[in-house]
4 protein chains.
Amino acid sequence: MTDIAEKPHGRGPVRAKGQETAGRVRKAALKRFAAAGYAAVSMREIAADVGVRPGALYNHFPTKQDILKDLMLSHMAELLSAWDEADFPDGMDPLERFVRFHIRHHLERADEVFISYMELRSLEPENFALIEAERRRYESILTGILEDGAAKGRYSIDEPKVATRAIIAMLTGIPNWYRTGGRLSERNIEDLYLTMVRKAVAPLATREPAALNDTQKVPAL
Amino acid sequence: MTDIAEKPHGRGPVRAKGQETAGRVRKAALKRFAAAGYAAVSMREIAADVGVRPGALYNHFPTKQDILKDLMLSHMAELLSAWDEADFPDGMDPLERFVRFHIRHHLERADEVFISYMELRSLEPENFALIEAERRRYESILTGILEDGAAKGRYSIDEPKVATRAIIAMLTGIPNWYRTGGRLSERNIEDLYLTMVRKAVAPLATREPAALNDTQKVPAL
Amino acid sequence: MTDIAEKPHGRGPVRAKGQETAGRVRKAALKRFAAAGYAAVSMREIAADVGVRPGALYNHFPTKQDILKDLMLSHMAELLSAWDEADFPDGMDPLERFVRFHIRHHLERADEVFISYMELRSLEPENFALIEAERRRYESILTGILEDGAAKGRYSIDEPKVATRAIIAMLTGIPNWYRTGGRLSERNIEDLYLTMVRKAVAPLATREPAALNDTQKVPAL
Amino acid sequence: MTDIAEKPHGRGPVRAKGQETAGRVRKAALKRFAAAGYAAVSMREIAADVGVRPGALYNHFPTKQDILKDLMLSHMAELLSAWDEADFPDGMDPLERFVRFHIRHHLERADEVFISYMELRSLEPENFALIEAERRRYESILTGILEDGAAKGRYSIDEPKVATRAIIAMLTGIPNWYRTGGRLSERNIEDLYLTMVRKAVAPLATREPAALNDTQKVPAL
DNA sequence: AATGAATGAGGATTCATTCAT
DNA sequence: AATGAATGAATCCTCATTCAT
């Protein structure tokens with residue numbers, strides 16, 4: 001939305017680097033796919049955002065589907081490489097690492113995240129398989145942390161895969177409602193969610209007998 | 001809930017043909033909207049599912065948008081009235097009530113839930129306002145439970161609205177991956193999530209040692 | 001081109017029988033495919049000829065390709081059934097029958113003929129197979145006549161299939177240049193070609209030994 | 001024969017690169033025009049065949065139409081000059097000469113022939129006139145032979161122009177079905193067709209009165 | 001001589017919707 | 001309540017061509 005305003009005007013190519021156009025297409029498509037959904041966005045709209053005629057888009061992406069695939073693949077690649085390079089204090093608990101990383105990364109990329117979770121259904125089967133593989137790789141990071149912690153007795157988790165999904169759903173839901181500039185800072189959110197996650201997987205120790213009784217009492221229901 | 005659907009008939013129960021069609025339209029639209037997204041579904045597809053020509057749909061719903069609005073409004077109405085009528089053992093902890101209710105209701109209505117959370121963006125502003133009001137009413141039930149429990153010192157929650165969203169996101173994410181007939185029963189899921197939710201809002205550490213023991217007692221599951 | 005002028009005007013369906021529209025589409029497509037070739041004709045042009053918006057064509061033919069297929073299949077069906085029903089004087093020589101029939105039929109249907117021979121390449125493989133089978137059925141009629149006559153010693157033909165093609169090519173080429181209303185009547189054309197065909201397959205008898213010798217003498221060349 | 005193709009180069013034989021490209025364009029266009037028709041072939045396809053981007057074609061031919069015009073004009077020029085230079089045994093009958101020449105030339109140039117007869121309709125009027133003039137020149141060769149032979153009493157032809165077209169259509173149809181390597185050699189084909197042509201224009205003399213009578217007897221029909 | 005990016009027009013087809021029957 | 005035919009606008013994408021580099 002920023003550089004778009006600087007698009008060269010007049011007819012014909014102004015030699016303003018075609019390279020840039022592909023990037024502007026990505027940016028415009030991202031915004032629109034996130035806002036309205038892949039199917040509801042037309043190539044015309046994207047072209048208009050970019051400041052180009054619809055046909056020109058096809059110099060950069062062979063089909064609309066390829067734009068989506070490109071966005072999703074590069075999001076997953078970035079997510080995984082960002083995790084590899086994440087810089088946290090040495091002694092930090094892996095679960096804290098993951099929670100803070102995930103929230104931070106996802107709050108900065110609300111649109112990419114949303115698309116990546118919502119538009120899986122808009123992918124043609126071949127592309128779906130590509131993306132799905134990446135998603136599993138990411139989820140397995142958290143599953144590994146949980147299993148590891150459970151093995152060491154630090155967490156109490158019966159089903160690490162279920163817990164992985166529960167936690168990721170919880171964290172990934174944040175950008176749905178969180179708006180920067182509000183009462184809560186990103187750091188506040190991180191802390192709040194970290195607390196909830198930690199407690200959710202914490203060993204019960206000697207602490208909450210009453211609650212459990214409740215649960216067990218629940219009969220047929 | 002479209003007015004058309006309510007058109008009363010004076011001819012006795014035999015004359016249910018039109019009613020039936022409207023119902024079949026709702027059912028077909030629900031499936032397709034959930035699977036592909038509102039924008040990606042055509043009236044022709046719905047008509048084909050129903051076994052009718054596209055024009056006939058307009059005898060039952062004035063526009064495609066009205067089908068969506070109908071589905072979402074009736075889902076929310078049903079959700080709220082189901083909560084009002086939910087039948088739980090008398091002494092049950094309200095949070096447990098809510099968690100079990102929500103999971104149960106949503107697992108039975110995966111498509112409605114999904115549409116209701118995803119297709120808000122496809123609603124025209126007027127319809128959006130209608131639905132959004134209902135959603136807030138539902139969320140406020142959980143917020144109320146949390147605030148109440150916090151006031152009584154049973155939970156430790158700094159931000160009840162944040163917690164509300166975190167919990168609802170976590171629970172609502174279940175139908176995204178849960179499949180009946182797998183290793184985990186619905187009841188298992190309820191128990192697992194209930195445990196996580198309870199712990200997530202539990203007062204910390206030294207405060208409720210008893211509770212923890214209870215949780216650990218939860219056996220095989 | 002005639003009834004088209006009578007197309008009902010004004011917006012919306014004038015209930016002037018949709019049935020008729022399909023026929024008008026066929027007629028317009030025929031003219032245009034013959035004149036410019038399948039690939040060079042747009043659905044918009046056909047629609048304009050018919051007096052309808054492009055989308056309306058799709059109520060009658062699922063694709064442009066189906067219009068072509070329809071034209072070619074019905075031409076071949078008509079050709080074969082016309083042959084079956086052709087009414088010639090009882091004692092007429094079968095070859096004369098065929099030549100007169102072919103010329104007559106094809107002069108009346110210059111466009112269909114042209115399309116049927118030229119647009120085979122525009123058919124998708126499945127449709128091509130359908131049409132090609134019909135074409136072979138028709139050619140086999142002439143081959144049968146030639147083989148029969150040769151067996152009876154009335155014709156001298158070394159390669160009945162080659163002769164079939166030679167004759168059909170010769171006859172089918174007529175509409176390429178012949179224009180009614182010129183110096184030569186259709187009847188003249190029939191007679192001229194019949195004479196040439198007859199002579200082409202006639203036994204050489206004892207009459208033109210020189211000619212044949214010539215041919216045989218031709219050496220390497 | 002586009003002017004561009006004739007652009008002389010002063011740099012010696014090494015600098016034949018551009019020339020080569022133009023030739024490759026001609027060759028690719030020829031194949032594709034023959035196979036699919038002018039209208040169905042895109043400049044992009046031609047460029048891909050040549051191994052070049054579409055824009056580069058315009059260094060060699062100003063428009064797509066000019067490629068077609070070039071192919072057709074050069075085919076006709078080659079045909080006429082090949083006739084002038086054809087080397088046949090001295091005493092050979094002119095009709096045999098023509099038939100053998102035409103078959104030979106056309107079997108070697110199936111694509112050019114096909115285009116030249118089929119894509120006349122794709123020519124803009126100005127280009128059409130150019131080509132049509134050449135075609136008439138070629139046809140007049142055969143007409144001359146027939147008229148000459150008729151004058152000398154060697155042939156019996158009522159309408160030399162009709163006969164010209166009949167014969168050319170017959171001969172030109174060969175590449176439509178003939179495939180080298182089959183049962184019949186090119187030489188066999190020449191002989192078969194020559195026989196048919198000769199007989200078709202042969203004087204009836206005293207030899208086949210019956211046949212003629214047959215024709216004449218045919219009444220109204 | 002070739003590229004890469006663009007244009008503007010147009011390709012076939014689909015869409016939600018209308019309406020006479 | 002349903003149909004069949006239509007509309008008008010929009011869909012994705014392809015086209016021939018241009019032109020700065």
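Just so it is clear: chains get the letters A, B, ... in the order the sequence lines come, proteins before strands, and each one is counted from 1. Since the model is a prediction, treat every value here as computed from it, not as a measurement.
Listed candidates were F:dC13, F:dA16, E:dA12. Nearest to the side chain of D:Y58 is F:dA16.
Between B:S122 and B:L68, the shortest heavy-atom contact is CB-CD2, 3.8 Å. Nearest heavy-atom pair across D:Q65 and D:L123 is OE1-CA, 3.3 Å.
When the side-chain nitrogen and oxygen atoms of C:H60 are compared with OP1 and OP2 of F:dG4, none of them lie within a distance under 4.0 Å. OP1 or OP2 of F:dT11 sits under 4.0 Å from a side-chain N or O of A:S42. Checking the phosphate oxygens (OP1, OP2) of F:dA2, no side-chain nitrogen or oxygen of B:R53 falls inside 4.0 Å. Distances shown here put every side-chain N or O of C:T21 at or beyond 4.0 Å from the OP1 or OP2 atom of F:dA5.
With both pairing distances under 3.5 Å, F:dT11 is matched to E:dA12 as a Watson-Crick or G-U wobble pair. Under the Watson-Crick or G-U wobble criterion, with both distances below 3.5 Å, F:dA20 is paired with E:dT3.
Take the nearest nucleotide of DNA chain F for B:G55 and for A:K64: the residue whose nucleotide is more 5' is B:G55. In this structure, C:A56 and A:N59 both approach DNA chain E, and ranking their closest nucleotides by distance from the 5' end singles out A:N59. A residue-by-residue look at A:T63 and D:Q65 shows that A:T63 has its nearest nucleotide of DNA chain F further toward the 5' end. Nearest-nucleotide assignment on DNA chain E puts the 5′-proximal partner with D:V52, out of D:V52 and B:V41.
Computed from coordinates, the C:M43 CE to E:dA9 P distance equals 23 Å when rounded to whole Å. When the P atom of F:dT14 is taken as reference, atom CD1 of D:I46 falls 17 Å away, rounded to whole Å. Rounded to whole Å, atom C1' of F:dA2 lies 12 Å from atom CZ of B:R24. Rounded to a whole Å, the CZ atom of A:F61 is 15 Å from the C1' atom of E:dG4. Between the CG atom of B:L57 and the C1' atom of E:dA16 there is a distance of 10 Å, rounded to whole Å. Distance, C:L68 CG to E:dA12 C1': 15 Å, rounded to whole Å. Atom-to-atom, CD of D:E45 to P of F:dA16 comes out at 8 Å; the value is rounded to the nearest Å.
Using a 4.0 Å heavy-atom cutoff across all strands shown, B:V50 reaches no nucleic acid atom at all.
Residues B:D49 and B:I46 are not in side-chain contact: their nearest non-hydrogen atoms beyond the backbone lie 4.5 Å or more apart. Taking the side chain as every heavy atom from C-beta outward, A:R121 and A:Y38 never approach each other to under 4.5 Å.
Crowding of B:K64 atom NZ: a count of heavy atoms from other residues, nucleotides or ligands under 6.0 Å exceeding 12.
Interface remark: the A:R44 side chain does not form any donor-acceptor pair with the F:dA10 base, using a distance-only criterion of under 3.5 Å.
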